[in-house]
Amino acid sequence: MRDPRSIVITGASSGIGEELALAYAAPGVALALSGRDSARLEAVAGRCRAAGAAVETALVDAADREAMTAWLSALDARAPVDLVIANAGISAGTGGGVESAEQARRIFQVNVDGVLNSVHPLLPGMQARRRGQIALMASLAGFRGMPGAPAYCASKAAVRVYGESLRGDLAGQGIGVTVICPGFVKSRMTAVNRFPMPFLMETDRAAQVIKSGLARNRARIAFPWPMAATVWLLAALPVGLTDVLLRQAPRKG
């Protein structure tokens, strides 16, 4: 879908979600943006309106199934959605210790349930229209489990595989599905990291890479390529070898 006119972006109050909203903002475009920080979300909406887009916002937790269903169903009834970018997500690590059950469950609720809650309310309308596009925010961390962030890596692996499967299921129905796998991108999420982040990318550049890939209905958008190549290599090597290598890696706090 090269020219989507009605776009939903979750997690749009900062980071990649914010930059994607700004990248798509233009006259004739209707943006529906969600987030959990009212002030930041309204600031993003204001900038998008200044660029000519029609914008509505929703202060909603992506993990809240009922709230997401109510918002998205009403939205799709008013302005059929062309593109949904399920971007909302959280990250946390162990800091060298053991991840708590509460932290692990919350990460899965937002990163996995949040994706399902963003996609399924819109699927019936897209299927009836035989038109639409779904973009799921995974991560290069979803190709190989990294010590220090078990729940985050596992949640992003689930999103990646789910999106790859969904693409095949919907291919004959006029609906495109793309899995987005970024490496390190400047954001509030990565700002807390206290270790070197190789090939760290500016957020606006990441948004442009994603937008370009979505316009071509790419199955997977993985970037930056040196980091993607490194992760693919790690995933291909014997586990016994990568275990030794990754024990030396810094832990996420």
Under 3.5 Å, is there a donor-acceptor pair between the side chain of [X] and the main chain of [Y]?
X    : Y    : answer
Q133 : L214 : yes
K211 : A23  : yes
K156 : A151 : no
D76  : L122 : no
R218 : R220 : yes
N111 : S155 : no
T10  : N87  : yes

Inset, instruction - Would you give the length of the straight line joining atom CG of D82 to atom CZ of R131, rounded to the nearest 0.5 angstrom? - result: 4.5 Å
Legend entry - Approximate separation, where rounding is to 0.5 Å, of E18 CD and D204 CG: 10.5 Å
For [X] versus [Y], what's the shortest heavy-atom pair and its separation?
X    : Y    : answer
A88  : A62  : CB-CB, 3.9 Å
S38  : L59  : N-CD1, 3.5 Å
S13  : G35  : OG-CA, 4.4 Å
L20  : A207 : CD2-O, 3.7 Å
I180 : A135 : CD1-CB, 3.9 Å
P182 : A138 : CD-O, 3.5 Å

Would a 4.5 Å heavy-atom cut-off, applied to side chains only, mark [X] and [Y] as touching?
X    : Y    : answer
I210 : I16  : yes
P80  : M126 : no
L75  : V8   : yes
V44  : R40  : no
C181 : S139 : no
I221 : R216 : no
L140 : F223 : no
T178 : R167 : yes

Linking I/L/V/M/F/W/Y whenever any side-chain heavy atoms sit under 4.5 Å apart, do [X] and [Y] land together?
X    : Y    : value
V115 : L123 : yes
Y162 : V84  : yes
V119 : V177 : yes
Y24  : V209 : yes
V179 : V231 : no

Legend entry - Within 6.0 angstrom of R47 CZ, more than 12 heavy atoms from elsewhere: no
Legend entry - Enclosure of R49 CZ (heavy-atom neighbours >12, cutoff 6.0 Å):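 Yes, because the 6.0 Å sphere around CZ of R49 holds more than 12 heavy atoms from other groups.
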Contacts table for residues 64-72: side-chain donor-acceptor under 3.5 angstrom, sequence neighbours left out:
| from | atom 1 | to | atom 2 | distance (Å) |
| --- | --- | --- | --- | --- |
| D64 | OD1 | E66 | N | 3.4 |
| D64 | OD1 | A67 | N | 3.1 |
| T69 | OG1 | R65 | O | 2.9 |

Inset, instruction - Answer yes or no: is there an ion pair linking R160 with E164, defined by an N-O contact shorter than 4.0 Å? - result: yes
Legend entry - Test: R5 and D3 ion pair at under 4.0 Å: yes
Inset, instruction - Could you check L31, V29, V81 and say which one makes a side chain to side chain contact (heavy atoms under 4.5 Å, CB included) with S6? - result: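 Running side chain to side chain contact (heavy atoms under 4.5 Å, CB included) over L31, V29, V81 with S6 returns exactly one hit, V81.
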Inset, instruction - State which residues pass salt bridge (Lys or Arg N to Asp or Glu O under 4.0 Å) with E19; sequence neighbours excluded, sorted by chain then number. - result: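 Partners of E19 by the salt bridge (Lys or Arg N to Asp or Glu O under 4.0 Å) criterion come out as none, since no residue qualifies.
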Inset, instruction - For side-chain contact (heavy atoms from CB on, under 4.5 Å), just list the numbers for L136 and I85, CA-CA rounded to whole Å, side-chain angles, deciding distance to a tenth of an Å, and then say yes or no. - result: CA-CA 6 Å; L136 309 182; I85 303 177; over 6 Å; no
Inset, instruction - Describe, in one word, how the ring planes of F143 and W232 are oriented to each other, choosing from parallel (under 30°), tilted (30 to 60°) and perpendicular (over 60°). - result: perpendicular
